[in-house]
There are 2 protein chains.
Amino acid sequence: MNDRKRQVLLTAQRLFVEKGFSATSVQDILEESKISKGTFYNYFSSKNECLLAILERIKVETSVRRRELLIGRSASSKDILAEQISIHMQVSQEQNLLPLFEAIFHSGDPELRAFVTKQFKEELSWLSGRIIDIYGEEVTPFAADCTVLLLGMLQHMTHIWMLLSKGQVDHEKLVHFIIRRMDSIINGMIGTDDIFIGGEILFNIDQAKSEKTYSKEQLLFQLDGFQKHLEGETKPEEKQYIQFLMDELREARPRTFLLETITHSFNNTFTATPHEAEAQEIASKLWYYADTIK
Amino acid sequence: MNDRKRQVLLTAQRLFVEKGFSATSVQDILEESKISKGTFYNYFSSKNECLLAILERIKVETSVRRRELLIGRSASSKDILAEQISIHMQVSQEQNLLPLFEAIFHSGDPELRAFVTKQFKEELSWLSGRIIDIYGEEVTPFAADCTVLLLGMLQHMTHIWMLLSKGQVDHEKLVHFIIRRMDSIINGMIGTDDIFIGGEILFNIDQAKSEKTYSKEQLLFQLDGFQKHLEGETKPEEKQYIQFLMDELREARPRTFLLETITHSFNNTFTATPHEAEAQEIASKLWYYADTIK
DNA sequence: TCACCTTTGTACGCTTAGTATAATTGTATT
DNA sequence: AATACAATTATACTAAGCGTACAAAGGTGA
């Protein structure tokens, strides 16, 4: 992904959040990001695709930052879960992202709809897994229900808060509040064996998850491109990480645990540099890849 | 409200729910309801106003049917609350009404935004009161939080259900499920004195509620028009109700308890007749009026 | 320098919201 | 029945937005 293109994406996201998706014209985006119409339609085949790219970017950044949080910490800590959940709200500037989802969801185009549905399912699946991490295996049958309830409470609270008080929501505080409600709910559900949607819906979700996969060649190509892109201005260890990752990828059976750790360090090296976004993108793909060959 | 206009409204609502608001063109509505463009813009000053009228109609019908449910029954029964809540979902065919709200909410126009916000606040205020009815005065400080959580769980569950299984949601079953979750939550909140938004937000909501008010003259005029509209085809008691209501309204201090009871009977008389909708509209206004002079 | 890619500017087609208006139909009153 | 008035229709129009096409200009690497 081009730097310029990324800039356009960020501008568009800001406009969509400020004015709403349909109220933002392509013209607005062109003027605000100072590009021509031709360029825009060179980057994205439509306004919808632009929105799609924004959602994709948000997903990648969220997923990378969530992973970062877990490194070397206990997966069963509620505080960490709370942080991980807030990350999504921070990255997407929650107050207006839900409407964006809705906008795309009801825009007729079945392709876009499928995309959003998939992201939604992945979030559901992820959070469901984390809830089991924290509350233990015995909540597995209730995990899907709990996840939906948790997300519902969270989103609606945020929504109402914005509606009434206009101020920014304290995401961390809210998430902790909701998790405490979750504690009560889970007790109640286990006690009475009370289930509404049930866990079986997660089956086809997990299938959906593994759909997107990257080939070794793609990853090598992108790493190579990134390396050339750095050209000189780099500290030596940065190149070492990249070189190591490429070497390991070229092995017949890359060792996933190595890929994961080194990807983490690789990604860390570029935080707060101009290459952060590109590094994140690559890290995300590497992690996906490591998952698929596990 | 004209019969034809009502027909157009229902058609438009169906289309909006089926295809989404922005994906439904005015042309679609014209063709589907077999009217001309001129007529449409005679009824509504814009597509947005048409949506507005739909929401208004839904509100009126919901509120009337909820009131009906309470007649002669205990306000503290959870089953009745469950029914009252499901009514809103039935009337609005919930699966796609939330997006409609979102659509209007983020459509730039501040007037529309204000309208939706107001309806939202009224729903919040109503449900908050009902929760206190049921769980007792001691939950008052938590009522606002609980209401938001309840609505959030409800809406999100519905949303996900539609997303995953495509089938119709069993509203009643879902509402009961959510109310059971509410039981746990309220216990937890009271035990730990845990509050996020707090009850003070309900103050300016109650103000907002009393904004809309109808004058005696308006009501008399509409009752008179309705009476003429019936012309002959009517059973005698129908006219008697109307006459009584008009007489009572003309009193210096109409007795509210009489207005309320008779309005109820009046409204009942017209259920399942062609005049049901108009009667409901009038009943709703009368109840509003009775509330204001209480 | 040459080849190739990106970007720009602009003109165009198409759809849709909303306006304007003259002609037609329906309806109530006398 | 005749007349007056309101509602409805049909149609043409403006304005705005999305997306396409394409030729000209600019940049970059070999």
Side-chain angles (χ1 to χ4, degrees), chain A residues 1-9 11-12 15-16 18-54 100 103-104 106-109 111-112 221 224-225 227-232, chain B residues 1-9 11-12 15-16 18-54 100 103-104 106-112 221 224-233 278:
Chain A
M1 167 140 0
N2 193 328
D3 251 12
R4 187 121 177 254
K5 183 172 173 183
R6 214 186 308 275
Q7 201 49 52
V8 175
L9 268 188
T11 307
L15 289 176
F16 288 162
E18 277 171 19
K19 312 175 42 170
F21 177 66
S22 46
T24 303
S25 71
V26 173
Q27 196 57 42
D28 292 336
I29 302 174
L30 303 185
E31 282 161 19
E32 202 76 8
S33 45
K34 298 192 190 71
I35 58 166
S36 75
K37 201 166 205 174
T39 306
F40 182 88
Y41 282 100
N42 181 25
Y43 289 155
F44 317 103
S45 65
S46 69
K47 192 180 159 192
N48 277 336
E49 284 258 347
C50 172
L51 176 50
L52 227 65
I54 289 175
L100 282 192
I104 216 178
H106 290 94
S107 72
D109 191 331
E111 218 179 327
L112 304 194
F221 179 77
D224 193 53
Q227 196 171 32
K228 282 184 185 139
H229 200 223
L230 293 175
E231 208 50 30
Chain B
M1 162 135 8
N2 194 327
D3 250 14
R4 187 120 175 253
K5 184 171 172 184
R6 215 185 309 277
Q7 200 50 51
V8 175
L9 270 187
T11 307
L15 290 176
F16 288 162
E18 278 171 19
K19 312 174 47 172
F21 177 66
S22 45
T24 303
S25 72
V26 173
Q27 197 56 43
D28 293 336
I29 302 174
L30 303 185
E31 281 161 19
E32 202 76 9
S33 44
K34 297 193 191 75
I35 59 167
S36 76
K37 201 166 206 173
T39 305
F40 182 88
Y41 282 100
N42 180 26
Y43 289 155
F44 318 103
S45 67
S46 70
K47 193 180 159 190
N48 277 335
E49 286 257 344
C50 172
L51 176 50
L52 227 65
I54 289 174
L100 282 192
I104 216 178
H106 291 94
S107 72
D109 190 330
E111 220 179 326
L112 304 194
F221 179 78
D224 193 52
F226 188 50
Q227 196 171 32
K228 281 183 184 139
H229 200 225
L230 293 174
E231 207 51 27
E233 49 166 318
E278 195 174 356

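Order of the sequence lines sets the chain letters (A, B, ...), proteins ahead of strands, with each chain counted from 1.
Between Tyr43(B) and Leu9(B) there is no side-chain heavy-atom pair separated by less than 4.5 Å. The closest side-chain heavy-atom distance from Ser33(A) to Phe40(A) is not below 4.5 Å. Inter-residue side-chain proximity for Asn48(B) and Phe21(B) is flagged as met; some heavy-atom pair is nearer than 4.5 Å.
Mapping Ser45(B) and Thr39(A) onto DNA chain C via the closest heavy atom, the residue that lands nearer the 5' end is Thr39(A).
The separation between Asp28(A) atom CG and dA16(D) atom C1' is 12 Å, rounded to whole Å. One interatomic measurement links the two molecules: OH of Tyr41(B) to P of dT14(D), which rounds to 17 Å at whole-angstrom precision. When rounded to the nearest whole Å, the span between NZ of Lys34(B) and P of dA7(D) equals 23 Å. Taking atom NZ of Lys5(B) as the reference point, atom P of dT8(D) lies 11 Å away to the nearest angstrom. In this structure, CD of Gln27(B) is placed 14 Å from C1' of dA12(D), rounded to the nearest angstrom. Nucleotide dT16(C) holds its P atom 14 Å from the CG atom of Leu15(B), rounded to whole Å. Atom CZ of Phe40(B) and atom C1' of dT19(C) are 14 Å apart (whole Å). If you measure from atom CD of Glu31(B) to atom P of dT15(C), you get 13 Å, rounded to the nearest angstrom.
Looking at the side chain of Ser46(A), the nearest of the listed nucleotides dT8(D), dA17(C), dG19(D) is dG19(D). With dG18(C), dA7(D), dG9(C) as the choices, the nucleotide that has an atom nearest any side-chain atom of Lys47(B) turns out to be dG18(C). Distance from the side chain of Tyr43(A) is smallest to dT7(C) among dT7(C), dC18(D), dA10(D).
Note on Arg4(B): a side-chain N or O is less than 4.0 Å away from OP1 or OP2 of dT8(D).
From Thr11(B), atom OG1 reaches atom CD1 of Ile29(B) across 9.0 Å, with rounding to the nearest 0.5 Å.
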* **Audit row: Ile54(A), Phe44(A), side chain to side chain contact (heavy atoms under 4.5 Å, CB included) steps and yes/no** => CA-CA 11 Å; Ile54(A) 289 175; Phe44(A) 317 103; over 6 Å; no
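Using a 4.0 Å heavy-atom distance criterion, Ser25(B) is classed as a sugar-phosphate-only contact.
A donor and an acceptor atom sit less than 3.5 Å apart, one in the side chain of Lys37(B) and one in the base of dG18(C).
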